[in-house]
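The structure appears below as C-alpha cells.
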Amino acid sequence: MVGITQPTNGEHVNADGVWDLLQNKGKMTVFSLCLLLFADLLDLAVGYLTVTIEPLPPVVVGETVTLKCNFKTDGRLREIVWYRVTDGGTIKQKIFTYDAMFNTNYSHMEDYRKREDLVYQSTVRLPEVRISDNGPYECHVGIYDRATREKVVLASGNVFLTVMSPPNNISVTAENCPAPFSRYQAQNFTLLCTAKGGKPAPSVYFKRDGELIEVISYIHPSAVAEDGGGSAGVRGARPLISRDLDDTKLQRSLSLLDPEGRPGRLFTESPQRGRNTGQHTQGQQQQPSPATEVIPETVVSREFPRWVQSTDPLYYFSHTHIPQSDGSVLVQARLTWTLNPQLDNDAMFSCEVKHPALSMPMQTEVTLAAPKGPKLLMTPTRAKVGDTVRITVQGFQVGAGVPGNEVFPEPLFTWTRVGGRLLDGSAEWDGKELILERVPAELNGSMYRCTAQNPLGSTDTHTRLIVFENPAMMKNTQNPNNGTPRVDVLGPIWMVLALVLTVTVELT
C-alpha cells in the first residue's frame with residue numbers, strides 16, 4: 001500500500017482514498033500518484049540492507065582480534081568482503097571474502113601472511129596481531145536485486161583497529177662519553193634514556209635514589225616537531241632532598257680540605273712521592289736485574305676535583321620522538337645538570353617508562369661512580385727481551401661503585417711512560433690495552449702509568465715492566481758466525497796429516 005501524508009492536517013490516507021483526495025483537494029495529479037506507486041513497488045522488489053560494525057578497543061601486539069560485521073536485510077545474500085584501507089583511504093586491499101553462492105571463503109593474503117580465519121560468514125578473526133595491522137578496515141555486504149536477480153546491491157561499514165606495542169628495550173647512557181675529568185671547573189652532565197619499540201610513544205621520567213626528580217623542561221636542538229610524550233613532571237625546580245644532607249658525602253667533601261680549610265693537593269705524577277725515604281732507598285738497593293725475577297709493582301692513586309660546588313643543581317629535561325619504519329616510536333629523553341662529584345658519586349639514577357600496554361612501568365638504572373684503581377694484567381707474566389708485552393685493564397678495585405666491577409660512565413684510559421716516551425716514540429696512548437712490541441733490554445724496570453678518568457674523578461695506576469734475558473738471543477750474540485770455528489779447527493788437522501804423510505815418505 002502507498003501512504004500519503006497531507007502537510008496541512010496530517011491526515012493519512014491509503015490507496016482507497018486517493019480518488020477522494022484528488023477530487024476534494026485537487027493538490028495531487030495522476031502522474032504524482034504513479035510515481036509514488038512505482039517507488040513503493042521498487043522498494044518491495046529491492047528490499048533493505050544495513051551494515052554496522054562494533055567499535056574495537058585498543059589491542060596489544062600478539063593478541064587475537066575479532067572483526068565482526070553486523071548486517072540486516074530481507075534479501076538474498078551474495079557475498080561479504082573485508083578490506084584493509086591504506087594510504088589514507090586511497091588503497092583498499094581485500095583480506096577475506098565469503099561467497100554465499102558457493103558457500104566458500106578464502107583469504108586474499110600471501111601464503112606466509114594467511115592469518116585470517118572465518119568464524120561465521122561476516123566475522124573474521126586475526127590471531128597474533130602486529131603493528132602493521134593497525135589501521136581502518138571495511139566490511140562490504142552484497143545482496144541480490146529482487147527485480148532482476150543479476151544486479152547486486154552493496155552496503156558497507158568501517159572500523160579502526162588500534163594496535164599498541166609496549167617498548168621492547170630501554171637503556172641509559174651518558175652523552176659525550178668517555179670524557180676526561182675536569183679538575184678546575186664544573187661541567188654539565190647528561191643522561192640519555194632511550195626507549196625503543198613503543199606505540200604509541202611512551203612517557204619517560206627520571207628518578208634519583210628512588211625519588212622523582214623535579215625538572216625544568218626545555219626543547220633539545222635535535223627534537224622532532226612533535227608535542228606530547230613524557231616528562232618527569234614540569235614543575236618548579238626544587239633543591240635535592242635526602243642527599244645534600246648525607247653525612248658520608250659531607251665527610252668525603254671535608255676530607256679534601258687541609259687544616260687551613262683549603263683544598264688538599266694530591267700528587268699523582270710520581271708513584272714514589274708517597275713513600276718515605278727509607279722505602280725509597282730500599283727500592284734503589286733492590287733494583288731488579290734481568291737475572292732476578294721480581295713481581296711487577298702496582299701503585300694506585302686517586303685525584304678529586306679542586307673546586308667545590310655550593311649551589312643546588314637544577315635538572316633540565318627534554319625528549320624527542322622519532323617515528324620508525326615499523327610504526328613504532330623511538331623516544332629519547334635527556335636529563336642534564338651541573339655535575340658535583342662529591343654529591344653525585346655513588347648516586348643511583350633510574351629511567352622509568354610508562355605505557356598503556358604495560359601493567360607496570362619498565363625501569364633501568366645506573367649508578368654514577370668514579371673509577372677506583374684499574375686492575376692491570378701483563379702478558380706474558382715473565383717477559384723476555386724481544387717479546388711482545390700487553391698490559392690490559394681487567395676491571396677495577398673492589399668497591400668501585402656498581403655491581404659487576406664496572407664503572408659508569410665509561411672511563412677514558414690513557415697510557416704514559418713515567419720519565420720518557422712510549423716504545424713507539426709517542427707521548428701517550430688511549431685505550432684499554434697497551435702493546436709493546438719486541439721489548440728491548442733497556443726497558444727493564446721502566447714504569448708505566450694508566451690513567452682512568454670520567455667526569456666524576458680520575459685515578460692513576462702504575463705498573464713496572466721487568467724484562468728478563470733471552471737465552472736464545474744471547475747465544476746468537478756471543479756466536480755471530482757459527483761456521484768460523486769449524487774452519488779454524490780443520491786447519492791444524494790438515495797440517496798434522498801432512499806432516500804424518502811426509503814422515504812416512506822419508507822413512508820409506
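Please read these numbers as outputs of a predicted model, since none were measured by experiment.
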Expected output: side-chain Asn454 to main-chain Ala370 donor-acceptor under 3.5 Å:
no

Is there a side chain to side chain contact (heavy atoms under 4.5 Å, CB included) between Ile170 and Cys351 once you walk through the steps?
CA-CA 8 Å; Ile170 60 173; Cys351 171; 5.6 Å; no

Review point. Do the side-chain N and O atoms of Thr388 and Glu437 include a donor-acceptor pair separated by under 3.5 angstrom?
Key: no

Task: Under-4.0 Å salt bridge between Arg208 and Asp344 - done: yes

Tell me if a side-chain donor or acceptor on Gln324 pairs with a main-chain N or O of Ile322 at a distance below 3.5 Å. yes

Requested in this report: Check step by step if ring-ring contact (aromatic ring centres under 6.0 Å, His included) holds for Trp337 and Phe349.
Outcome: CA-CA 13 Å; Trp337 76 98; Phe349 287 83; 4.9 Å; yes

CE of Met360: more than 12 outside heavy atoms within 6.0 angstrom? no

Those residues at least two apart in sequence (or on a different chain) that pass side chain to side chain donor-acceptor pair (under 3.5 Å) with Asn169 are none

The residue among Asp430, Thr414, Thr461, Asp460 that forms side-chain hydrogen bond (donor to acceptor under 3.5 Å, both in side chains) with Thr451 is Asp460

Lys199 side chain to Val163 backbone, donor-acceptor under 3.5 Å:
yes

Query raised in the report: Hey, mind stepping through Gln332 and Leu192 against side chain to side chain contact (heavy atoms under 4.5 Å, CB included) and telling me if it holds?
Result: CA-CA 7 Å; Gln332 293 181 334; Leu192 173 63; 3.9 Å; yes

- Say whether, by atom type as modelled, one donor and one acceptor occur between the side chain of Thr194 and the main chain of Ser171 under 3.5 angstrom. no

Applying salt bridge (Lys or Arg N to Asp or Glu O under 4.0 Å) to Lys207 and not counting sequence neighbours gives Glu352

Ignoring hydrogens and angles, state whether a donor on the side chain of Thr379 or Arg390 is under 3.5 Å from an acceptor on the partner side chain. no

